[in-house]
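Letters A, B, ... mirror the listed sequences (proteins, then strands); counts begin at 1.
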Amino acid sequence: MIRVHLDFESRSTVDIWKSGAWVYSTHPTTQILCLCYAIGERPVQLITKDELELGIIPDDFLECIRDKTIIFVAHNAFFERVMWKNIMAPRHGLAEVSLDRWRCTAAKACTCGLPKALDKVALALELSHKKDAEGKRIMLKMCKPRKAKKNEDPDIIYWHESEEDFEKLHKYCKQDVEVERAVDHKLPELTAVEQQIWILDQVINVRGVQIDRNAVENILNLIHEYEKELTLEVNKLTNGYIDKVSKRQRVVNWLEAQNVQVPNLQKQTVEDLLNAGLPKKVHRVLEIKQQLGKTSTAKYQAMMDAIDEGSRLRDTLVYHSASTGRWGGKLVQLHNLPKGIPGLNTDTACEILQEGDMIYAKSMYDNIMGTISSCIRGMIIPKQGYELLVADYASIEARVVVWLAGEQKAIKLFQDATKDIYVEMAKLIFNNPKLTKKDKTERNLGKQAVLGCGYGMGADKFKDTCATFGIIVSKELAKKAVDTYRQNYQAVKRFWYAQENDAIKAVRDGSCNQWKNTGEFLTCDLLSGRKLYYHRPRLDMVLTPWGEEKQAVTHMTIDAKTKQYVRTSTYGGKIVENITQATARDIMAWAMCRCETYGYKPILTVHDEIIAEMPIDTGSIEFFIKILTAPISWAKGCPIAAEGWKGQRYKKT
DNA sequence: CGTTCTCGCGCG
DNA sequence: AAAGCGCGCGAGAACG
């Protein structure tokens, strides 16, 4: 099958990082500056801006468009696709290229556990084709308007467009196509199923979610008003020293001057200080810091920046963003919306806040910022005449890990609707067979153990994790909980060691059970037919956290903290976590494809949750859940369960 | 002045 | 025996 690799350079008054590729591609100021393409192994060809505008398109390229068997490949193909749909076709008169003809090299890179950016992939794969650094600088200059000079009309848009800059831009674009083609050759194709999931990802990203623009605008006014009010107060309280509570250094220094030493200004630290009976003035400053510290309110602005004219927010999902295959979020990160204040009715709160009336809002709620933050989810609504259907899988990873490990006792408990696995765990931890669901404290700890201990967590970490959920446990109790999990679910424990040993053997011998070493990648076959990839595997001696030298699998990965592509080591618990998360993702991704088929059109996914939009009363939650939990050929006996609801505003139940 | 790093926050 | 893991974004600080 012939592949044509292509890349656009473009310019616009729209900031693509804030508004996303869809809004960018539909904006009237957006123009294509050049297009480079390479048919098969032939040399890269250039179509300049002038040629494109005059309709001078080479015949071989026109033939590529016409011939429906020819595949179009781009890096981050979503951009090329929407530029084609919204500019190439309507403005330059070229025929459309259907979605099934597109492939994405960024998707391939992510699938293989490589960085997503083209220059970083090239570096990771040690390709001889490198991104052109000077060209990139020129591109960044040319892609946005320049400021008007003194004697120029400031109301007109000006661009950097010297002839030599254009030449460098052309060279840069050509080079990108070369790099992209080299990356494409070096990496395996997505599996047929994954290609379908990628296509669904593209559909969902174009479909987008409806945003309640009026409410967002009015709540933004409330935020600004409240920020102004509290900032003024903190200014007064500190004699002008703290002009903004977001300036951490200033706040720490001021507190120090009031004889209050703080290690940091994290949420918990501030909360503890507020309970420490500090002088009124200090207390109030911290209170204001807490109110204004909610970065989540920035999401309202992000929404305004990214929605299109019809108030639709698109292009927020990142395919295979996590190495396990999970989606990531962008623009308005919809994957970390605050759950909100427990017990608050956000449907009602949204209706009240959307009035944009501060006096009314204050009369109804004490914690204004907390309420505003709780209402962000509610800004996602269905379009006119439609309703949202929302369903999520119940504790999916805890279920998948016991199923993968073959831990029959736990599988049966998860399957048995009359039993509660958290209570059963609590009974063992507390040596008290009489515990029931009513023993909330005990059950809660059992729940934490069931949900948290599947990947080898130790007692110290377990104690900390419980604390983040507001559950305070002693070191002894934490150890008891962890030990009980391992004792009771020994198959899970064995699973950690089995996977670690298999991975090590595969690196050494080339293969072992589902693990294979191709030299470039260590892979692990998932039951779904997909693979997990670990780049440049090696066996190295590493130092364990408890100070022992040990042989371990190491591989290249993007460090979560530093964002650098570095060698890291892995071990049984972590590998099991990867396999489990990936399997849970596949269960959901397959369900999303079924949802699409049955008309339950997904508009968003949040790891274990699917949000669909349908004309009112054309779908039922019961059927939606059936779609989510339908038997899967490769997941027989996996005890999955889901629950859901429908409504006119998104929320956390 | 723009870019990159770090801290802090939020989610599953 | 022993090790939870996976993300992205805003704002300020640091760097060039």
Side-chain angles (χ1 to χ4, degrees), chain A residues 17-18 110 116 137 140-141 144 147 244-252 263-270 289-290 292-299 301-302 316-318 320-340 373-374 376-377 392-393 395-398 401 448-449 451-462 464-465 468 479 482-483 485-487 492-493 496-497 500 542-548 550 552 557-558 560-564 569-582 584-585 588 605-609 652:
Chain A
W17 300 110
K18 275 193 172 171
C110 288
K116 192 180 177 195
R137 197 173 46 79
L140 288 173
K141 187 173 86 177
K144 57 188 179 209
K147 280 191 186 122
K244 273 171 97 178
V245 285
S246 54
K247 293 189 178 173
R248 256 174 287 129
Q249 204 65 56
R250 290 238 144 192
V251 178
V252 171
N264 54 47
L265 282 175
Q266 292 169 10
K267 203 169 120 178
Q268 192 57 50
T269 315
V270 175
K289 159 79 194 161
Q290 195 183 40
L292 298 186
K294 294 207 181 297
T295 56
S296 45
T297 51
K299 283 207 159 60
Q301 187 59 52
T316 66
L317 287 180
V318 185
H320 216 303
S321 170
S323 62
T324 54
R326 290 222 298 212
W327 273 271
K330 63 172 176 175
L331 288 186
V332 184
Q333 218 315 40
L334 298 179
H335 286 176
N336 69 345
L337 301 178
K339 286 183 191 166
S373 171
S374 304
I376 299 176
R377 278 173 199 266
D392 67 318
Y393 290 98
S395 51
I396 180 124
E397 285 195 25
V401 74
Q448 290 306 322
L451 297 181
C453 293
Y455 313 128
M457 192 191 287
D460 289 335
K461 188 79 182 184
F462 183 73
D464 293 347
T465 306
T468 67
K479 185 161 185 339
V482 170
D483 287 347
Y485 182 97
R486 293 178 186 175
Q487 188 60 37
V492 175
K493 205 169 81 178
W496 305 334
Y497 300 112
E500 180 166 319
V542 301
L543 204 59
T544 63
W546 56 94
E548 183 195 321
K550 188 190 157 186
T557 192
I558 308 149
K561 252 201 155 113
T562 64
K563 308 288 172 208
Q564 296 299 303
S569 67
T570 191
Y571 59 91
K574 193 165 162 176
I575 290 169
V576 165
E577 188 283 335
N578 292 165
I579 297 172
T580 304
Q581 193 176 97
R585 176 273 193 191
M588 187 189 69
T605 164
V606 187
H607 308 311
D608 65 352
E609 186 177 1
K652 197 75 209 165

(request) Report which part of the nucleic acid L265(A) touches: base, sugar-phosphate, or nothing (heavy-atom distance under 4.0 Å, all strands). (result) sugar-phosphate

(request) Taking only the side-chain nitrogens and oxygens of K247(A), find out if one of them lies under 4.0 Å from OP1 or OP2 of dA13(C). (result) no

(message) So S323(A), base contact, sugar-phosphate only, or nothing? Heavy-atom distance under 4.0 Å.
(response) sugar-phosphate

(request) Determine whether any donor atom in the side chain of R326(A) lies under 3.5 Å from an acceptor atom in the base of dG12(B), or the reverse, and answer yes or no. (result) yes

(message) Check the phosphate of dA13(C) against R250(A), side-chain N and O only, distance under 4.0 Å to OP1 or OP2. Yes or no?
(response) no

(message) Using heavy-atom distances to pick each residue's nearest nucleotide on DNA chain C, tell me which of R486(A) and K574(A) is more 5'.
(response) R486(A)

(message) Within the supplied structure, the quantity of interest is the number of heavy atoms (other residues, nucleotides, ligands) at a distance under 6.0 Å from E548(A) CD; does it exceed 12?
(response) yes

(message) Does dG10(B) have OP1 or OP2 under 4.0 Å away from a side-chain N or O of K267(A)?
(response) yes

(message) Just N and O in the side chain of S321(A): are any of them under 4.0 Å from OP1 or OP2 of dG8(C)?
(response) yes

(request) Using a heavy-atom cut-off of under 4.0 Å over every strand shown, decide if I575(A) touches base, sugar-phosphate, or nothing. (result) nothing

(request) Hey, which sits more toward the 5' end of DNA chain B by its nearest nucleotide, R248(A) or H335(A)? (result) R248(A)

(request) May I ask you to verify if any side-chain N or O of S246(A) is less than 4.0 angstrom from the OP1 or OP2 atom of dA11(C)? (result) no

(message) For dG6(C) and Q581(A) - does any side-chain N or O of the residue sit under 4.0 Å from the phosphate oxygens OP1/OP2?
(response) no

(request) With a 3.5 angstrom cut-off on both distances, give the Watson-Crick or G-U wobble partner of dG4(C), or none if there isn't one. (result) none

(request) Describe the nucleic acid contact of D392(A) in one word from base, sugar-phosphate, nothing, applying a heavy-atom distance below 4.0 Å. (result) nothing

(request) Evaluate the side chain to side chain contact (heavy atoms under 4.5 Å, CB included) criterion for residues K244(A) and R250(A): first the C-alpha distance (whole Å), next the side-chain angles of each, then the deciding distance (0.1 Å), finally the verdict. (result) CA-CA 8 Å; K244(A) 273 171 97 178; R250(A) 290 238 144 192; over 6 Å; no

(request) Would you indicate what E609(A) reaches in the nucleic acid, counting non-hydrogen atoms under 4.0 angstrom: base, sugar-phosphate, or nothing? (result) nothing

(message) From NZ of K330(A) over to P of dG10(C), roughly how many Å is that when rounded to an integer?
(response) 13 Å

(message) Students often get this wrong, so: under 4.0 angstrom with heavy atoms, is K652(A) touching a base, only sugar-phosphate, or nothing?
(response) sugar-phosphate

(request) Could you tell me whether the side chain of H320(A) and the main chain of A322(A) form a donor-acceptor pair under 3.5 Å? (result) yes

(request) Could you tell me whether G573(A) contacts a base, only the sugar-phosphate backbone, or nothing, with contacts defined as non-hydrogen atoms closer than 4.0 Å? (result) nothing

(request) Could you say whether F462(A) or W327(A) is positioned toward the 5' end of DNA chain C, judged by the nucleotide with the nearest heavy atom to each? (result) F462(A)

(message) At less than 4.0 Å, is any side-chain N or O atom of K563(A) found next to OP1 or OP2 of dT4(B)? Yes or no.
(response) no

(request) Check whether any side-chain N or O of Y571(A) sits under 4.0 Å from OP1 or OP2 of dC5(C), and answer yes or no. (result) yes

(request) Find which nucleotide of DNA chain B each of L337(A) and L140(A) is nearest to by heavy atoms, and output the residue with the more 5' nucleotide. (result) L140(A)

